[in-house]
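Just below is one structure, and these are the notes that go with it.
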Amino acid sequence: MKIRFLSVLMAGAMAAGLLAGCGSSSSSTSSAASSSAAASVVTDTSEASGGTASSASSGTSSVGDVTGALEGVSLVLGTSGTYAPFSYFADDGTTLEGFDIDMLNALQKILGFTIANDKIQDMDYGPLGTSLGQGQLDVGAAALCATDERKKSMNFSETYYDAGIIVCVAKDNDTIKSVDDLMSGKYKVAVQTGCAAYEYAAANLPESCLQSYDSQSLAYKAVEDGQADATIYDKPGTAYAIKTGQINLKIVGDEFYKGQAPYAIAFSFNICKKYPDIVSDFNAAIEQLKADGTIDELSQKWCN
């Protein structure tokens, strides 16, 4: 029988799970100031309701040097601040850091755009998606998956990070070596509902072994307390939680289910109308960051 913990306190985490690649992180949540960030962003939204996806959303990259391609362009940037290690608040509670923040800074150096009000707006995933759809944000980077549903209200760059799933067990567990061991149905597997890991588990693992939770933090705790034998979740979030001492577990086996959580940068239809080449410019800059090793360096820094 599946176990489902209903908690109002976890509603925000679940919202993050539905928009982020594999779900909400067990790490920090945004500061109180972030809850009002969406209201503080003011741009022209007159064209938002009638926007249609531009051809640039197909993910094809520009050819050629795009250095300075967006000089003089001011962009309203948004992130979540709630999904470590991609975008979250440092210990001071006000400084945003993570993979996405470093990547945006690197893209700014190449393309030359300025950040409106010299500040990346932070907000929960619900307001983030709404703000992009309504044109209150120009660009969003928050481990966002480029799903077909989201492409109805925003455009996306090419994938810059492909998050796979891993198996996580107690440190003294020497019987479970990989996801293959979970196929037998002998082990209880804790999974967070509404995320890519749950999608995989529901399709590939025996239903009788699954224990469903409203947040990944509860799934981790179930394994730590011995209520479950393993949990499956995205590698970046799990590796970060282990590295920072938030959970006392270990990763076993290799990543799997890759290609199901393609993280990409989102663009409002408004900004794509105003600057028709903006997605292809960002794509070319992302390709440059891949070619010069920057993306690999960020992966090593934040996701391992």
Side-chain angles (χ1 to χ4, degrees), residues 16 19-28 30 59 61-62 65-67 69-70 75 77-92 94-115 119-122 125 128 139-146 156-166 196 233-246 251 254-255 257-267 278-304:
L19 192 58
C22 289
S24 60
S25 170
S26 64
S27 60
S28 62
S30 62
S61 299
S62 291
D65 185 10
V66 290
T67 301
L70 296 177
L75 298 176
L77 301 187
T79 191
S80 69
T82 63
Y83 188 59
F86 283 85
S87 62
Y88 66 102
F89 285 93
D91 292 339
D92 63 12
T94 59
T95 303
L96 284 167
E97 62 182 12
F99 186 112
D100 284 339
I101 307 305
D102 283 356
M103 181 182 65
L104 286 173
N105 289 333
L107 290 170
Q108 183 185 20
K109 289 180 180 178
I110 295 172
L111 296 171
F113 60 85
T114 59
I115 300 173
K119 183 181 185 333
I120 299 175
Q121 305 292 327
D122 63 276
Y125 275 95
L128 182 68
V139 179
L144 296 172
C145 280
F156 285 92
S157 72
E158 66 177 36
T159 300
Y160 64 84
Y161 190 91
D162 184 9
I165 300 172
I166 49 79
Y233 193 56
D234 72 286
K235 180 184 175 182
T238 301
Y240 177 83
I242 291 174
K243 182 170 68 174
T244 55
Q246 296 176 45
I251 293 172
D254 298 323
E255 276 183 282
Y257 207 49
K258 297 194 74 174
Q260 304 305 309
Y263 296 173
I265 297 173
F267 301 83
I278 190 170
V279 177
S280 58
D281 287 340
F282 266 79
N283 280 343
I286 290 170
E287 284 300 317
Q288 182 174 325
L289 294 181
K290 290 178 179 179
D292 67 16
T294 299
I295 294 295
D296 286 340
E297 290 174 6
L298 294 181
S299 297
Q300 288 298 318
K301 176 181 178 181
W302 295 108
C303 302
N304 291 302

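Owing to the predicted nature of the structure, the values given are computational and were not obtained by experimental measurement. Sequential numbering from 1 along the given sequence is applied to the chain's residues.
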Self-check item: L77: which of D122, V139, I101 passes side-chain contact (heavy atoms from CB on, under 4.5 Å)
Solution: V139
Quiz item: K235 and N304: side chain to side chain contact (heavy atoms under 4.5 Å, CB included), yes or no, with the steps?
Solution: CA-CA 8 Å; K235 180 184 175 182; N304 291 302; 3.3 Å; yes
Quiz item: Taking atom CZ of F89 and atom CG of L96, what is their separation to the nearest 0.5 Å?
Solution: 4.5 Å
Quiz item: Should D102 and W302 be marked as a side chain to side chain contact (heavy atoms under 4.5 Å, CB included) after you check the CA-CA gap, both sets of side-chain angles, and the distance that decides it?
Solution: CA-CA 10 Å; D102 283 356; W302 295 108; 2.9 Å; yes
Self-check item: Reported CG-to-CD distance for the pair D65 and Q288, which is rounded to 0.5 angstrom
Solution: 6.5 Å
Quiz item: What distance do L75 atom CG and I115 atom CD1 have between them, rounded to the nearest 0.5 Å?
Solution: 8.5 Å
Quiz item: Out of curiosity, I278 CD1 to L111 CG, how far, rounded to the nearest 0.5 Å?
Solution: 8.5 Å
Exercise. Could you pull out the closest heavy-atom pair between D292 and L289, with the gap in Å?
Key: OD1-O, 2.9 Å
Quiz item: What pair of heavy atoms forms the shortest contact from A143 to Y125, and how long is it?
Solution: CB-OH, 4.5 Å
Quiz item: Which residues satisfy the side-chain hydrogen bond (donor to acceptor under 3.5 Å, both in side chains) test with K243, sequence neighbours excluded?
Solution: none
Self-check item: Contact summary for K290 and T159, nearest pair of heavy atoms
Solution: NZ-O, 2.8 Å
Self-check item: Contacts of F99 that satisfy ring pair (Phe, Tyr, Trp, His ring centres under 6.0 Å) - sequence neighbours left out
Solution: F86, Y160, Y161
Quiz item: Do any N or O atoms from the side chain of E255 and from the backbone of I166 form a donor-acceptor pair under 3.5 angstrom?
Solution: no
Quiz item: Counting only heavy atoms not in D91, do more than 12 sit closer than 6.0 Å to its CG atom?
Solution: no
Self-check item: side-chain hydrogen bond (donor to acceptor under 3.5 Å, both in side chains) partners for T244, two or more places apart
Solution: Q246
Quiz prompt | Non-hydrogen atoms of C303 and A239 that approach each other most closely | solution = O-CB, 3.7 Å
Quiz item: Mind checking what makes side chain to side chain contact (heavy atoms under 4.5 Å, CB included) contact with A264, not counting sequence neighbours?
Solution: A146, F156, S157
Practice problem: With sequence neighbours left out, write down each residue that passes side-chain hydrogen bond (donor to acceptor under 3.5 Å, both in side chains) with T238, or none if nothing qualifies. | Solution: Y220
Practice problem: Give the minimum heavy-atom separation between A142 and L128, together with the two atoms involved. | Solution: CB-CD2, 3.7 Å
Quiz item: Got a sec: does the CG of D162 have more than 12 other heavy atoms crowding it under 6.0 Å?
Solution: yes
Quiz item: Roughly how far apart are I165 CD1 and D254 CG, rounded to 0.5 Å?
Solution: 13.5 Å
Self-check item: Listed partners of S299 passing side-chain hydrogen bond (donor to acceptor under 3.5 Å, both in side chains), at least two apart
Solution: none
Exercise. Quick one: pull up OG1 in T294 and CD1 in I286 and give me the separation to the nearest 0.5 Å.
Key: 12.0 Å
Exercise. Could you tell me which non-hydrogen atom of V66 sits nearest to which non-hydrogen atom of A284, and how far apart they are?
Key: CG1-CB, 3.7 Å
